[in-house]
Asker: 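This is the structure, below, for whatever I ask next.
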Amino acid sequence: HRLLGNSSNPALNRWSSVAGGAAFNVQGHTRTDNTAVVVALVVNGVGIGRVVDLVARPLVSAGLLTPVLPGLFSTAPVPMFAVMLQERHRLPKVRACIDFWAEWLAGN
């Protein structure tokens, strides 16, 4: 199978086994730093990619994606960061948006 790798975060190319065995390091037939590109490639059958559950879940429900080897690889959380301007340069609506997403993601 052709595997799709991540070009910006090498940690996402290390697929750890839940059985405690050695991790599988994905070289990737194709590499990108864009989740939308990975999704487009896997939906169109180009290869197998690692897609965050938040994005993959609705696509699996719609029958557009199929989990491959579920339960074999670790699904440890991957940190997500928001980068913002300093408080004095930030619009209140940006702070409200970040707070909303942080709360929503914490619940999922």
Side-chain angles (χ1 to χ4, degrees):
H1 296 287
R2 291 182 172 177
L3 301 178
L4 307 174
N6 189 295
S7 61
S8 66
N9 187 350
L12 295 177
N13 295 325
R14 186 173 174 82
W15 299 1
S16 300
S17 168
V18 294
F24 181 74
N25 291 309
V26 173
Q27 297 302 311
H29 173 269
T30 303
R31 290 179 151 206
T32 182
D33 65 350
N34 188 309
T35 299
V37 172
V38 171
V39 169
L41 292 170
V42 297
V43 166
N44 287 290
V46 174
I48 297 171
R50 185 175 182 185
V51 180
V52 296
D53 191 50
L54 181 66
V55 174
R57 191 179 318 134
L59 297 170
V60 170
S61 295
L64 296 172
L65 290 181
T66 302
V68 177
L69 303 172
L72 184 63
F73 293 104
S74 172
T75 56
V78 176
M80 185 180 292
F81 301 94
V83 179
M84 301 180 286
L85 294 171
Q86 295 175 2
E87 193 70 40
R88 63 189 168 107
H89 298 293
R90 185 179 328 129
L91 295 172
K93 64 183 177 182
V94 172
R95 175 86 253 168
C97 182
I98 297 298
D99 290 344
F100 170 81
W101 282 110
E103 184 178 326
W104 188 83
L105 288 168
N108 285 298

Asker: Starting from I98, can I reach L105 by hopping between I/L/V/M/F/W/Y residues whose side chains sit under 4.5 Å apart?
Answerer: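 No: no chain of side-chain contacts under 4.5 Å links L105 to I98.
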
Asker: Run the side chain to side chain contact (heavy atoms under 4.5 Å, CB included) check on L3 and W15 step by step: do they pass?
Answerer: CA-CA 12 Å; L3 301 178; W15 299 1; 4.2 Å; yes

Asker: Could you tell me whether R95 atom CZ has more than 12 heavy atoms of other residues or ligands within 6.0 Å of it?
Answerer: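 Counting other residues, nucleotides and ligands, CZ of R95 exceeds 12 neighbours.
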
Asker: Among V51, V39, T30, I48, which residue satisfies the side chain to side chain contact (heavy atoms under 4.5 Å, CB included) criterion with L4?
Answerer: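 The single option meeting the side chain to side chain contact (heavy atoms under 4.5 Å, CB included) with L4 is T30.
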
Asker: Which pairs count as ring pair (Phe, Tyr, Trp, His ring centres under 6.0 Å) when at least one residue sits in residues 48-71, sequence neighbours excluded?
Answerer: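 Qualifying pairs, neighbours excluded: none.
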
Asker: For G5 and V26, which heavy atoms make the closest approach, and how far apart are they?
Answerer: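 That closest heavy-atom pairing would be CA-CG1, 4.3 Å.
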
Asker: Looking at R50 and R14, what are the two nearest heavy atoms and their distance?
Answerer: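 Looking at all heavy atoms of both residues, the closest pair is NH1-O, 3.6 Å.
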
Asker: Is there a side chain to side chain contact (heavy atoms under 4.5 Å, CB included) between T32 and V38? Walk through the geometry before answering.
Answerer: CA-CA 7 Å; T32 182; V38 171; 3.3 Å; yes

Asker: Please say yes or no: joined through hydrophobic side-chain contacts below 4.5 Å, possibly via intermediate residues, are V42 and V37 part of one cluster?
Answerer: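 Yes, it is one cluster - the side chains of V42 and V37 are joined through contacts under 4.5 Å.
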
Asker: Output yes when a side-chain donor or acceptor of N13 lies under 3.5 Å from a complementary backbone atom of N6, and no otherwise.
Answerer: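 Flag set: sc N13 to bb N6 pair under 3.5 Å.
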
Asker: State whether the side chain of N44 and the backbone N or O of V46 hold a donor-acceptor pair below 3.5 Å, judged by distance alone.
Answerer: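 Side chain of N44 to backbone of V46, a donor-acceptor pair under 3.5 Å: no, none is there.
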
Asker: Establish whether L54 and F100 are linked, either directly or via other cluster members, by ILVMFWY side-chain heavy-atom contacts under 4.5 Å.
Answerer: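 Yes, same cluster.
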
